[in-house]
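The block underneath contains the structure these notes are about, expressed in structure tokens.
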Number of protein chains: 2
Amino acid sequence: MHDSSASEAAEAKDSPLRSGPLDRSLGYRLRLAQILAYRNFEETHLDQGVAPRYLGLLSLVSANPGQPQNKLAEAVGLQKSSLVTILDRLEKDGILERGPIPEDRRAKGVWLTEKGGQVVEELSREAAAHEARMTEGLSETDRARLIEMLGVVIENLRA
Amino acid sequence: MHDSSASEAAEAKDSPLRSGPLDRSLGYRLRLAQILAYRNFEETHLDQGVAPRYLGLLSLVSANPGQPQNKLAEAVGLQKSSLVTILDRLEKDGILERGPIPEDRRAKGVWLTEKGGQVVEELSREAAAHEARMTEGLSETDRARLIEMLGVVIENLRA
DNA sequence: CCTATATAGTTCGACATCGAACGATACTGC
DNA sequence: GCAGTATCGTTCGATGTCGAACTATATAGG
């Protein structure tokens, strides 16, 4: 027994669902925004292999060359075991390479190859465009504020 | 070698990695915040089965009882095929149930059970606490603004 | 009506991530 | 030096999500 008046019937057909109490929650919107953003970016770069998906990681390596895998894993929020497969793939694609770290013979450092550097540069430009699309309707100061506040949230969750 | 140049060694050892150019990007922070938030919430509710992970979905069903699966899938950003497994599980746990929709004999509507309603209520309370933890250091207006801006981003990505 | 096409839910195989092992190396206290 | 413990990268089995089938029903055009 759905309480269907005319307006609700139309609503049932085509409109977005009514927000639950959680729709206004940070966690819910974080998740949804992230899923959509990720998918959207990947869909527009189907031709470029797996690199787009791991641009965050690649960019991190670019800014911190030679870091051991476990630090990279923690920084991007993945398990070190997950990173193994990813690095295997990116290494096979000639985008990065692993090498020994003199200070610790257990560890392996990660570096971008020359090709990897180009890929990161290229993708970063496209990511900026994607970024602009996502934040359409927000002023520049709002955009900066949004990113800053997300930083606060991340810090809170890391503690 | 390790202790002599103390500051450098300390930095290489323990500090967070330097931000890449992308660290300041929305996409990167969205992803990281979401991963951490999700994991964090789940870790503090290991005893409550799979319901915590799907609180967003359950809350949506609570606000929109009897909706067909494909609309739910779209609303939470999942494939309809993924939802099948999830609903199977939640149905088996007695949290929700599927039923026919008179208007369309292909479709199946989803409703919360009584137990499901209690679970949602209980988890929603705990989610609010989690929410507060995540936004520590933000004023109430900032928090509202953050959520609002995420809404804008979501809308942009849906278009 | 009837045929053609679209849609709802499901199944199935591919792939990503996780967590718990494990071998190799590092560190700490004696 | 040496024993015990911690850490690094890896492997492996389990689970979650995806995308491409498929079945059943719905809808549109002749």
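For the numbers below, each heavy atom of this structure counts, side chains included, while hydrogens, waters and symmetry mates do not. In the text below, chain A, chain B and the rest are named by the order of the sequence lines, each starting its count at 1.
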Contacts of type ring-ring contact (aromatic ring centres under 6.0 Å, His included), residue Y54(B), not counting sequence neighbours: none
Touch class at under 4.0 angstrom, heavy-atom based, for R89(A) against every strand present: nothing
N-O pairing of R125(B) and E122(B) below 4.0 Å: yes
Check ion pair E140(B)-R143(B) (N to O, under 4.0 angstrom): yes
Rounded to the nearest Å, what distance is computed from the [atom1] atom of residue [X] to the [atom2] atom of nucleotide [N]?
X: E91(A); N: dT10(D); atom1: CD; atom2: C1'; answer: 13 Å
X: K108(A); N: dG9(D); atom1: NZ; atom2: C1'; answer: 6 Å
X: L87(B); N: dT17(D); atom1: CG; atom2: C1'; answer: 14 Å
X: L83(A); N: dT17(C); atom1: CG; atom2: P; answer: 10 Å
X: L46(A); N: dC18(D); atom1: CG; atom2: P; answer: 15 Å
X: I86(B); N: dT11(C); atom1: CD1; atom2: C1'; answer: 16 Å
X: R106(A); N: dT10(D); atom1: CZ; atom2: C1'; answer: 14 Å
X: L36(A); N: dC18(D); atom1: CG; atom2: P; answer: 11 Å

Pairwise distance NE2(H130(B)) to CG(L55(B)) - rounded to 0.5 angstrom: 11.0 Å
Side chain E91(B), main chain R98(B), donor-acceptor under 3.5 Å: yes
Expected output: side-chain K115(A) to main-chain D93(A) donor-acceptor under 3.5 Å: yes
Proximal nucleotide (of [options]) relative to the [X] side chain:
X: R105(A); options: dG9(C), dA26(C), dG9(D); value: dA26(C)
X: R31(B); options: dT17(C), dC18(D), dT10(D); value: dT17(C)
X: S82(A); options: dT10(C), dC8(D), dC18(C); value: dC18(C)
X: T85(B); options: dT17(D), dC18(C), dA20(D); value: dT17(D)
X: Y54(B); options: dT25(C), dT10(D), dG16(D); value: dG16(D)
X: S81(A); options: dA20(C), dT25(C), dG16(D); value: dA20(C)
X: D104(A); options: dG9(D), dA26(C), dA8(C); value: dA26(C)

Contact nearer the 5' end of DNA chain D, comparing D88(A) with E43(A): D88(A)
Below 4.0 Å: OP1/OP2 of dT7(D) and any side-chain N or O of N70(A): no
Phosphate-side-chain proximity, R53(B) and dC18(C), N/O vs OP1/OP2 below 4.0 Å: no
Helical bend (five base pairs per end, nearest 10°) for the helix from dC1(C)-dG30(D) to dC30(C)-dG1(D): 30°
Closest-nucleotide ordering on DNA chain C, the 5'-leading residue of P102(A) and Q79(A): Q79(A)
Least distance between heavy atoms, S62(A) atom then L112(A) atom: CB-CD1, 3.5 Å
Sequence-distant partners of D142(B), side chain to side chain contact (heavy atoms under 4.5 Å, CB included), two or more places apart: R145(A), M149(A), L138(B), S139(B)
